[in-house]
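One structure is given here, and the rest of the page talks about it.
Just so it is clear, the values below take in all heavy atoms, side chains as well, and ignore hydrogens, waters and symmetry mates. This is a predicted model, so every value here is computed, not measured. In each ligand, atom 1 is the first atom listed, and ligand 1 is the first ligand listed.
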Amino acid sequence: MISVENLSVSYGDLRALADVSLDVADGEFVTVLGPSGCGKTTLLRTIGGLEVPTTGEVTVDGDPPEVAQADARLGFVFQEHTLLPWKSAIENVTFLRRMAGKDPDPEGARDLLATTGLDGFEDARPGELSGGMKQRVAIARAIHLGADVLLMDEPFGELDEITRDEMSVEILRLWRENRKTVVFVTHSVPEAVFLGDRCVVVSGAADPADPTDGDDAPGRIVAEFEVDLPRPRDESVFGSEAFGAQVARVRRALHDDA
Ligand SMILES: Nc1ncnc2c1ncn2[C@@H]1O[C@H](COP(=O)(O)OP(=O)(O)OP(=O)(O)O)[C@@H](O)[C@H]1O
């Protein structure tokens with residue numbers, strides 16, 4: 001389980017996050033939604049041990065995130081694919097696992113590439129792959145690492161809308177098959193609703209109860225929604241009335257707190 005308790009993070013004088021508390025259960029898919037600059041990446045990076053809390057505490061299964069990261073229990077997928085350009089797709093997938101000192105599992109890596117639609121592209125270098133294919137490699141790499149927790153920061157942010165929808169369906173399938181805990185940051189309301197069991201809304205709007213808040217108010221969690229859509233979810237959900245209603249509900253919360 002991921003536990004974030006009364007977390008505040010500042011960069012010098014800039015308060016990026018204030019008093020954020022969030023629990024993510026094992027196997028849960030939580031989406032973090034909010035406008036640009038409200039602190040979503042900071043929250044994800046702090047859960048991943050890449051930023052240090054100014055106050056408050058983050059634990060992953062009771063351990064500090066740095067410990068979980070050192071044990072390869074955390075997998076990251078960022079907006080930029082961060083693949084090694086000189087290595088092939090299969091080498092990129094196996095590289096982190098080897099670096100983490102885990103048993104090599106080349107068959108598992110090949111299977112993962114095949115299930116992410118990259119059969120036949122094992123030996124291609126990132127420069128020979130489309131944006132969506134590169135993100136598929138990055139996702140396969142995080143799963144192959146064997147991490148229990150996937151921290152995803154707008155992984156589909158640079159993809160066209162059609163590829164984005166396809167990737168959303170695919171990530172849900174991989175999540176179902178691999179039983180991961182996922183924290184997924186996005187700007188997109190439909191994406192947050194389609195993917196999440198729960199959607200957490202972060203806002204950087206000034207809190208009237210906090211006299212220290214000005215234009216540069218820190219990010220806070222202002223709303224949380226259980227997403228009431230049955231699983232498994234596939235492309236057919238996008239056109240459903242229930243999906244439209246959930247998206248409208250989250251949009252209202254975002255605009256009320258903008
Ligand atoms: N390393 C850093 N040093 C200084 N300020 C930073 C640093 N990283 C982020 N910030 C600032 O902290 C605030 C929150 O940034 P963060 O990237 O977490 O927001 P975000 O919601 O993820 O934004 P976006 O959606 O645009 O990626 C912003 O004001 C940003 O400029």
Could you tell me if the ring centre of Phe29 sits under 6.0 Å from that of Phe194? no

Quick one, Asp26 and Asp61 - any side-chain contact, counting heavy atoms below 4.5 Å? yes

Expected contact list for ligand 1 at under 4.0 angstrom, heavy-atom basis, is Tyr11, Leu14, Ala16, Pro35, Ser36, Gly37, Cys38, Gly39, Lys40, Thr41, Thr42, Glu154, His187

Would Asp123 and Ser88 count as having a side-chain donor-acceptor pair, cut-off 3.5 Å? no

Examine Ile2 and Val30 and state if one hydrophobic cluster contains both, with Ile, Leu, Val, Met, Phe, Trp and Tyr joined whenever side-chain heavy atoms are less than 4.5 Å apart. yes

Output, in order, the C-alpha distance, side-chain angles, deciding distance and verdict of side chain to side chain donor-acceptor pair (under 3.5 Å) for Asp160 and Thr163. CA-CA 6 Å; Asp160 64 83; Thr163 310; 2.7 Å; yes

Are side-chain N/O atoms of Thr82 and Arg141 paired as donor and acceptor at under 3.5 Å? yes

